[in-house]
Amino acid sequence: MNTNNPYYRRIDLPAGDLHVFAHDKLFHAMGAKVLEMANNNLQIPNIRYMSYTPDAHVGVGTCIGTTAVWGAEDGFVSPSIVGSDIGCGMRVHLTNLHERDLRDVKLRRKLVKAIEKRIPVENHARGYFSDIRLEDVLREGLHGLPGKYVPDAYTPRKATSLTHVESSRFHYDEDALNRIPETVWHRAHRQLGTLGGGNHFIEVQAISVNEANRRIAESWGLQDGQVAVMIHSGSRAWGGAVNQYSGSEVVKTMHRLGLGTSDPKLVFAPLASEAGLNYANLMKSALNFAVANRHLMAFAVRDACKEIFGAQAELRTLYDLMHNYAGEESRGEEALFVHRKGTTKALPAGHPDNPEPYRETGHPALIPGSMGTASYLMVGAPEGERNYHSICHGAGRLRSRNATKQLVTVDEFASSLRIGREDEIVVNHKGLEAILDESPQAYKDVDQIIDSVVSARLADVVAKCRPLAAVKGV
DNA sequence: ATGTCC
């Protein structure tokens, strides 16, 4: 164990090395189960590297906060490491509004209502995009959307074709799509443009630029007081179905090959096997769905802003970044297959994999806080290479949903949202009871998490985003 | 996370 740096340690587990990027205090708060899970994951054959970010906590089969790397040649793919919300991620849009335009609490309420009118948040809700063909979205990602949903000022279609979005289209063998039953197709089609529940949200925020990185902030188009829109959502029922149908084939292959660990929920197969390949293909269809889904929600928020603030209101895309996926990457000459579960890529300035508009500065890496706390726009540091340019994806859950409901009162939650004050963070729920398990008390302190990421020299803060209003599902 | 156990 390395004790020189309080923000990094290498742990020599029976099955292999685990790298942990977290302050001592956060590491000690993680608990034994987290290490047990790492030891299971490290038993998957041919694994080259595994790490935790400071928000690491127990998930199904694998911890949230995991980066796990294989070589592309002898690689394995694991539906458990990717997780069931395939393609879940963050999207940030920059408006031409200033926070003073939203100073009036009644106006923030109107905006939240206008967003809710266009983006259903309740269970079983239908989205308002039935004119879009699901098949086009699954096959072609953002490029499968009708042109009216991709206005130039919003996501530039010309030039380098949607490169402000990390991956506007994931290519794969589309025959795999036939394996998903028709009922799921219908459900997923209805769900286009819907938010989903749990930790998913749409938040309206005000930007504060970090002085030390003002040059980068300005080149990204960020200004102090500027209003940003942050969206956190995934692939809804489609990703879940991919996990279920394709995952069960992966289990069969795993058993046939005599593979497995003490955790039956940890599922994996060789990338080269039929089941592994099939999962990897369908996973990409879910990535296409998730990116398009966030895009459509941002489009709906843009429409809501035009209703409240007038036709000149704009929402230009800053970035879209996933935190649950696996995919091919390269490091020098090495061809790799990298899994990120609750971790996100943060490439530094000059890295060739940055999309063209961010080649020089590094791309925005998006870290949401919990409800009522700040979110951060980060940029990768060059030293992040030792963690395959992975950083955490949020504050990380501190206690279970049930434990939070036992511990936290509605009044405490309301006070952390400053309910009843002129500067209240307006939320779409009249009764906070329904989303009590998403209160800040359910999560680790995002500022400590950011401190760990910065001090471990994985990434730097470019801007802090303070919440003004939030839309949550249930 | 998820039409969360039709």
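What you see below is based on every heavy atom in this structure, not just the backbone, and it leaves out hydrogens, waters and symmetry mates. Order of the sequence lines fixes the chain letters, A, B, ..., with proteins taken first and strands second; residue numbering starts at 1 for each chain.
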| query | Atom CZ of A:Arg187 and atom P of B:dC6: how far apart are they, to the nearest Å? | reply | 10 Å
| task | Might you confirm whether atom CD of A:Glu433 has over 12 heavy atoms from other residues, nucleotides or ligands at distances under 6.0 Å? | result | no
| A:Asn123 or A:His232, whichever maps to the more 5' nucleotide of DNA chain B | A:His232
| When all nucleic acid strands are considered with a 4.0 Å heavy-atom cut-off, which category describes A:Gly196: base, sugar-phosphate, or nothing? | sugar-phosphate
| task | Could you tell me whether the side chain of A:Thr261 and the main chain of A:Asp263 form a donor-acceptor pair under 3.5 Å? | result | yes
| task | Scan side-chain atoms only and decide if A:His23 and A:Asp451 contain a donor-acceptor pair under the 3.5 Å cut-off. | result | no
| said: Using a 4.0 Å heavy-atom cut-off, does A:Arg126 contact any base of the nucleic acid, only the sugar-phosphate backbone, or nothing at all? | reply: nothing
| said: Measuring centre to centre across the rings, with the benzene-like ring taken for any Trp, is A:Tyr49 within less than 6.0 Å of A:Tyr388? | reply: yes
| task | Mind checking A:Gly198 for me? I need base, sugar-phosphate or nothing, with any heavy atom below 4.0 Å counting as a touch. | result | sugar-phosphate
| task | Write down the distance between CG (A:Asp437) and P (B:dT4), rounded to a whole number of angstrom. | result | 17 Å
| request: Select base, sugar-phosphate, or nothing to describe what A:Gly239 touches, counting heavy atoms under 4.0 Å on all strands. | output: nothing
| task | Take atom CD of A:Glu122 and atom P of B:dT2, then tell me their distance rounded to the nearest Å. | result | 13 Å
| field | N/O (side chain, A:His200) to phosphate O (OP1/OP2, B:dT2) under 4.0 Å | value | yes
| task | Measure the distance from NE2 on A:His124 to P on B:dT2 and round it to the nearest whole Å. | result | 12 Å
| request: Rounded to the nearest angstrom, tell me the gap between atom CG in A:Asp85 and atom P in B:dT2. | output: 6 Å
| Distance, rounded to the nearest Å, where A:Asn243 contributes CG and B:dT2 contributes C1' | 10 Å
